[in-house]
Amino acid sequence: MHGAMGAIYVYDAGNAGEEKDLDQWHRWFGQNMGFKDSQCMIMAHRKSQDVKPSRSAIPKSLAQVHVVSTTLEESHDLIKEEFDR
């Protein structure tokens, strides 16, 4: 991971409890690499647009990390736009 510029965490937003691992991932990968919250992104992925992820489910320690809601049904352009942000 030498030379990495940021971290992207992807979790299954349709599976209750998955978001609990985000804090640990952030400590292991983001903070250990010295990344600022602005260099990290959370992709709350779900199988369909019918499942809505909740920002309140994200651990409070990650309140400043940008969260993007993604599905396989969405165009890849939205994901690219958010990544380029």
Side-chain angles (χ1 to χ4, degrees):
M1 292 192 346
H2 179 70
M5 307 273 305
I8 300 173
Y9 313 115
V10 181
Y11 79 99
D12 183 351
N15 191 3
E18 289 271 320
E19 68 283 344
K20 293 177 184 174
D21 292 333
L22 290 171
D23 186 54
Q24 190 170 18
W25 295 346
H26 189 55
R27 281 186 275 122
W28 284 352
F29 300 108
Q31 291 176 343
N32 280 341
M33 293 293 293
F35 297 144
K36 299 174 185 173
D37 287 347
S38 62
Q39 292 174 280
C40 299
M41 178 189 301
I42 297 169
M43 289 193 170
H45 192 75
R46 57 211 198 295
K47 293 179 184 175
S48 77
Q49 293 177 344
D50 296 338
V51 178
K52 300 294 181 199
S54 169
R55 175 69 198 195
S56 63
I58 304 296
K60 291 181 191 214
S61 60
L62 299 171
Q64 299 303 311
V65 176
H66 184 62
V67 178
V68 179
S69 178
T70 64
T71 69
L72 294 175
E73 298 166 352
E74 291 175 333
S75 73
H76 63 287
D77 293 336
L78 172 65
I79 296 170
K80 184 180 181 323
E81 287 173 17
E82 292 293 337
F83 181 76
D84 288 342
R85 235 173 141 205

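Values reported hereafter were calculated over all heavy atoms of this structure, with side chains retained and with hydrogens, waters and symmetry mates removed. Along the sequence shown, residues are numbered consecutively beginning with 1.
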Closest heavy-atom contact between [X] and [Y]?
{"X": "Cys40", "Y": "Gly30", "result": "SG-CA, 4.5 Å"}
{"X": "Thr71", "Y": "Arg46", "result": "CG2-NH1, 2.8 Å"}
{"X": "Met5", "Y": "Phe35", "result": "C-CE2, 3.8 Å"}

| said: Closer than 3.5 angstrom, by distance alone: can the side chain of Gln39 be matched with the main-chain N or O of Lys36 as a donor-acceptor pair? | reply: yes
| message | Test your reading of the model: is there a side-chain donor-acceptor pair from Arg27 to the backbone of Asn32, 3.5 Å cut-off? | response | no
Measuring from atom [atom1] of [X] to atom [atom2] of [Y], what distance do you get when rounded to the nearest 0.5 angstrom?
{"X": "Gln31", "Y": "Trp25", "atom1": "CD", "atom2": "CH2", "answer": "15.0 Å"}
{"X": "Phe29", "Y": "Gln24", "atom1": "CZ", "atom2": "CD", "answer": "9.0 Å"}
{"X": "Ile42", "Y": "His26", "atom1": "CD1", "atom2": "NE2", "answer": "8.0 Å"}
{"X": "His66", "Y": "Ile8", "atom1": "NE2", "atom2": "CD1", "answer": "10.5 Å"}

| said: Is the shortest side-chain heavy-atom distance between Tyr11 and Leu22 below 4.5 Å? | reply: yes
